[in-house]
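Before any comments, here is the structure.
Nothing here was measured: the structure is a model prediction, and the numbers come from that model.
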Amino acid sequence: MKRLISLTISLLILAVIYWKIDFPRLVQVFQNCDRLWMVVSLGMVVPLVAITSWRLQQLAPASSGLDFPEANRLILASSVLNMVLPSKMGDIAKAYFMRDRGHLSGSLALSLVVFEKACDLLSLLLWCVFGLLLYPAKDALFWAMTTGVTGGLIVGLFLLSSPRFARLCFGLASRIAPKKIKIKLDKLRFSWGEMHDYFWGDRRRLVTITLTSIFLWFCHLLQIWFFILALNAWTPFLTNLALSPLAILAGLMPLTFAGVGTRDAALIVFYQPYFGEATGAALGLLCTARYLLPAIAGLPFLERYLSTLRTQNR
């Protein structure tokens, strides 16, 4: 029912978007696109998945036996689940698959994936703060977003670096959370502590994963800028570093189906000073393709993992 509601909300938002814009103009935007830049921008999905897979391999202990092909299959399989689960929670399924395949214990696998998601979010916020600080035309709304994103980045860094601060935050959240959420928070608090001990015990691995995550998200945002060039539009690259993370964050809100709708609307609104609504809608479709292409490639691997689970549970 929740998935049906999310899908309905996405369809309603898209219906409003395509009702307001000139649909033939949207088709014309794609007809007049730069073919070379379109191939280059969509083709970036391949190295982005490869870098993400390599990072997952580096996250795991050497004794886990997680090689690059298996890490790549896990990334692609989780991409399928990210299309149907809110806030990219399909990534959490990787922990279950890694435990099931015998690579890691359940708690360590969850700790690894939690750290991976934390690095992704903080890297995205870092580039967003960098872009927002350099964004030339900040009004009250953008100053509020700059303050909010900066505050989120600071809190996230403290959560990763200070076990005491993390325990305090989890304790406060458990007091006000409903009973079902409280149980999940307790599990996450345990995994967070194990994650902190594991990663801060190896500073070299920590630096490698941190720098890789920052570079990876730079490439994600570069891909979106390439999409803009492919649509024969223009936005300064530093401005793109501010605006595209805001649209991605809007898509992470657990309201719509895989962020479709909210992300599209955010792209149209934020990029309005640089190009029209039809181009913004086209950019939204290309940003959805960033998630759709790995999901399509991951369908055979997801079926393999699910088949293994069904066999073991009989």
With side chains defined as the heavy atoms from C-beta onward, is the minimum distance between [X] and [Y] less than 4.5 Å?
{"X": "E277", "Y": "L26", "answer": "no"}
{"X": "F115", "Y": "L112", "answer": "no"}
{"X": "L134", "Y": "L241", "answer": "no"}
{"X": "L42", "Y": "F227", "answer": "yes"}
{"X": "L229", "Y": "D34", "answer": "no"}
{"X": "I228", "Y": "T279", "answer": "no"}
{"X": "D22", "Y": "Q28", "answer": "no"}

Gap separating the [atom1] atom of [X] from the [atom2] atom of [Y], nearest 0.5 angstrom:
{"X": "S78", "Y": "I75", "atom1": "OG", "atom2": "CD1", "result": "5.0 Å"}
{"X": "T210", "Y": "L126", "atom1": "OG1", "atom2": "CG", "result": "10.5 Å"}
{"X": "L221", "Y": "L216", "atom1": "CG", "atom2": "CG", "result": "9.5 Å"}
{"X": "H220", "Y": "I51", "atom1": "NE2", "atom2": "CD1", "result": "8.0 Å"}
{"X": "L125", "Y": "L153", "atom1": "CG", "atom2": "CG", "result": "5.5 Å"}
{"X": "L243", "Y": "Q272", "atom1": "CG", "atom2": "CD", "result": "12.0 Å"}

Any idea which heavy atoms bring [X] and [Y] closest together, and the distance?
{"X": "C287", "Y": "L267", "value": "SG-CD1, 3.9 Å"}
{"X": "L246", "Y": "A242", "value": "CG-O, 3.4 Å"}
{"X": "A71", "Y": "S53", "value": "CB-O, 3.4 Å"}
{"X": "Q223", "Y": "L48", "value": "OE1-CD1, 3.5 Å"}
{"X": "I13", "Y": "A265", "value": "CG2-CB, 4.4 Å"}
{"X": "V29", "Y": "A282", "value": "CG1-CB, 3.9 Å"}

Given the rule that I, L, V, M, F, W and Y join up when any side-chain heavy atoms are under 4.5 Å apart, are [X] and [Y] in one cluster?
{"X": "V49", "Y": "V39", "answer": "no"}
{"X": "L74", "Y": "V46", "answer": "no"}
{"X": "V207", "Y": "L157", "answer": "no"}
{"X": "W192", "Y": "I154", "answer": "yes"}
{"X": "L141", "Y": "I248", "answer": "yes"}

With a 3.5 Å distance limit and no angle check, can you tell me whether [X] reaches the backbone of [Y] through a side-chain donor-acceptor pair?
{"X": "W225", "Y": "T235", "result": "yes"}
{"X": "N232", "Y": "N32", "result": "yes"}
{"X": "Q57", "Y": "D67", "result": "no"}

Within the supplied structure, the quantity of interest is the number of heavy atoms (other residues, nucleotides, ligands) at a distance under 6.0 Å from [X] [atom1]; does it exceed 12?
{"X": "F215", "atom1": "CZ", "answer": "no"}
{"X": "F23", "atom1": "CZ", "answer": "no"}
{"X": "W200", "atom1": "CH2", "answer": "yes"}

Could you check W234 against Y274 for side chain to side chain contact (heavy atoms under 4.5 Å, CB included), going step by step and ending with a plain yes or no?
CA-CA 7 Å; W234 172 254; Y274 299 96; 5.8 Å; no
Name all pairs fulfilling the side chain to side chain donor-acceptor pair (under 3.5 Å) condition that reach into residues 119-136, sequence neighbours left out, sorted by first residue then second.
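As it turns out, the side chain to side chain donor-acceptor pair (under 3.5 Å) pairs with a partner in residues 119-136, which skip direct neighbours, are R55-D120, D120-W217.
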Contact list for residues 151-176, test side chain to side chain donor-acceptor pair (under 3.5 Å), sequence neighbours left out
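Not a single pair qualifies under side chain to side chain donor-acceptor pair (under 3.5 Å).
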Side chain to side chain contact (heavy atoms under 4.5 Å, CB included) between L292 and I296, intermediate numbers included
CA-CA 6 Å; L292 183 60; I296 294 173; 3.9 Å; yes
Side chain to side chain contact (heavy atoms under 4.5 Å, CB included) assessment of Q58 paired with T212:
CA-CA 10 Å; Q58 300 306 308; T212 301; over 6 Å; no
Evaluate the side chain to side chain contact (heavy atoms under 4.5 Å, CB included) criterion for residues T239 and Y271: first the C-alpha distance (whole Å), next the side-chain angles of each, then the deciding distance (0.1 Å), finally the verdict.
CA-CA 9 Å; T239 299; Y271 284 92; 5.8 Å; no
Return the set of residues passing salt bridge (charged side-chain N to carboxylate O under 4.0 Å, His left out) with D202 (not counting sequence neighbours), or none when no residue passes.
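Only R205 meet the salt bridge (charged side-chain N to carboxylate O under 4.0 Å, His left out) criterion with D202.
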Tell me whether the centres of the aromatic rings in F218 and F237 are closer together than 6.0 Å.
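F218 vs F237: aromatic centres under 6.0 Å.
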Near-ring test F68/W54, centroid separation under 6.0 angstrom:
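No, they do not, as the ring centres are separated by 6.0 Å or more.
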